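Report on the structure given below.
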Amino acid sequence: QVRLVESGGGLVQAGGSLRLSCAASGRTLVDYGVAWFRQAPGKEREFVVGITRSGTNTFYADSVNGRFIISRDNTGNTVYLQMNSLKPEDTAVYYCAAAEFKSPGVSPTAYDSWGQGTQVTISS
């Protein structure tokens with residue numbers, strides 16, 4: 001399995017931006033469809049955005065479409081999530097997840113590997 005480590009979380013004011021990174025090791029990330037999920041306190045983990053192995057196709061939840069951008073650097077074995085126009089409701093722990101030889105889906109059960117998460121807090 002690939003190992004995933006997220007970074008880049010923090011505390012920002014509403015309207016601000018953050019860039020999250022998901023660094024992979026142990027396997028080449030090109031073998032994996034990758035997604036970002038998030039989980040707020042007391043809520044279920046929800047799909048945010050996914051990107052196919054080649055990076056050609058991306059899929060966004062309606063709540064973040066137009067504000068978040070996912071990208072990947074297969075040479076650098078890293079996936080990025082640029083988050084703009086942040087809102088207090090974006091506050092959550094953000095997780096990177098990878099599905100071997102699959103396109104990213106919205107169900108957490110489709111993923112083989114998960115990072116430990118990074119906290120994102122948006123103040124109003």
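Quick note: numbers below take in every heavy atom, side chains included, and nothing from hydrogens, waters or symmetry partners. What you see is a predicted model; the values in this text were computed from it and never measured.
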To the nearest 0.5 angstrom, please state how far the SG atom of Cys22 sits from the CD1 atom of Ile51. 11.5 Å
Do side-chain atoms of Asn57 reach the backbone of Thr52 as a donor and acceptor pair under 3.5 angstrom? no
So if you build clusters from Ile, Leu, Val, Met, Phe, Trp, Tyr with side-chain heavy-atom gaps below 4.5 Å, do Tyr80 and Ile70 land together? no
Is there side-chain contact between Leu20 and Met83, with heavy atoms separated by less than 4.5 Å? yes
Between Thr91 and Thr121 (side chain of the first, backbone of the second, donor and acceptor by atom type, cut-off under 3.5 Å), is there such a pair? no
What's the verdict on side chain to side chain contact (heavy atoms under 4.5 Å, CB included) for Asp31 and Arg53, showing C-alpha distance, side-chain angles and the deciding distance? CA-CA 6 Å; Asp31 290 339; Arg53 292 167 58 196; 4.1 Å; yes
When clusters are formed by joining ILVMFWY residues with side-chain heavy atoms under 4.5 Å apart, either directly or through shared neighbours, do Val2 and Tyr111 land in the same one? no
Verify whether one side chain among Asp73 and Thr78 offers a donor that lies under 3.5 Å from an acceptor in the other. no
Looking at Asn84 and Leu18, would you say the former's side chain and the latter's main chain have a donor-acceptor pair under 3.5 Å? no
Please give me the minimum heavy-atom distance between Asp90 and Arg67, naming the atom from each residue. OD2-NH1, 2.8 Å
When rounded to the nearest 0.5 Å, the distance separating OG of Ser54 from CG of Asn74 is 8.0 Å
Do Val48 and Val79 land in one hydrophobic cluster if side-chain heavy atoms of ILVMFWY residues count as linked below 4.5 Å? yes
For the hydrophobic clusters of this structure (ILVMFWY residues joined by side-chain heavy atoms under 4.5 Å, transitively), does one cluster hold both Trp36 and Phe59? no
Atom OG in Ser113, atom CG in Leu4: separation rounded to 0.5 Å? 5.5 Å
Report yes if some heavy atom in the side chain of Val34 is under 4.5 Å from a heavy atom in the side chain of Arg72; otherwise report no. yes
I'd like to know if the side chain of Glu6 and the backbone of Gln116 have a donor-acceptor N/O pair within less than 3.5 Å. yes
Closest non-hydrogen atom pair, Ser17 against Gln82: CB-NE2, 3.9 Å
Do Val106 and Trp114 share a hydrophobic cluster (ILVMFWY, side-chain heavy atoms under 4.5 Å, transitive)? yes
Would the distance check show the side chain of Gln119 and the main-chain N or O of Gly10 forming a donor-acceptor pair, the cut-off being under 3.5 Å? no
Gln39 and Lys43 have their tightest heavy-atom pair at NE2-O, 3.1 Å
Without swapping roles, check the side chain of Tyr60 against the backbone of Gly50 for a donor-acceptor pair under 3.5 Å. no
Pick one: which of Phe37, Tyr95, Phe68 meets ring pair (Phe, Tyr, Trp, His ring centres under 6.0 Å) with Phe47? Phe37
Whether the side chain of Asn77 engages the backbone of Leu29 through a donor-acceptor N/O pair (distance < 3.5 Å, no angle test) should be reported. yes
Ser124 and Pro88 have their tightest heavy-atom pair at CB-CG, 3.9 Å
Quick one about Tyr32 and Arg27 (side-chain donor to acceptor, distance below 3.5 Å, no hydrogens or angles considered), yes or no? yes
Counting distance only, does the side-chain N/O of Arg45 pair as donor-acceptor with the main-chain N or O of Arg38 below 3.5 Å? no
Check: Ser7 main-chain N/O paired with Thr118 side-chain donor or acceptor under 3.5 Å: no
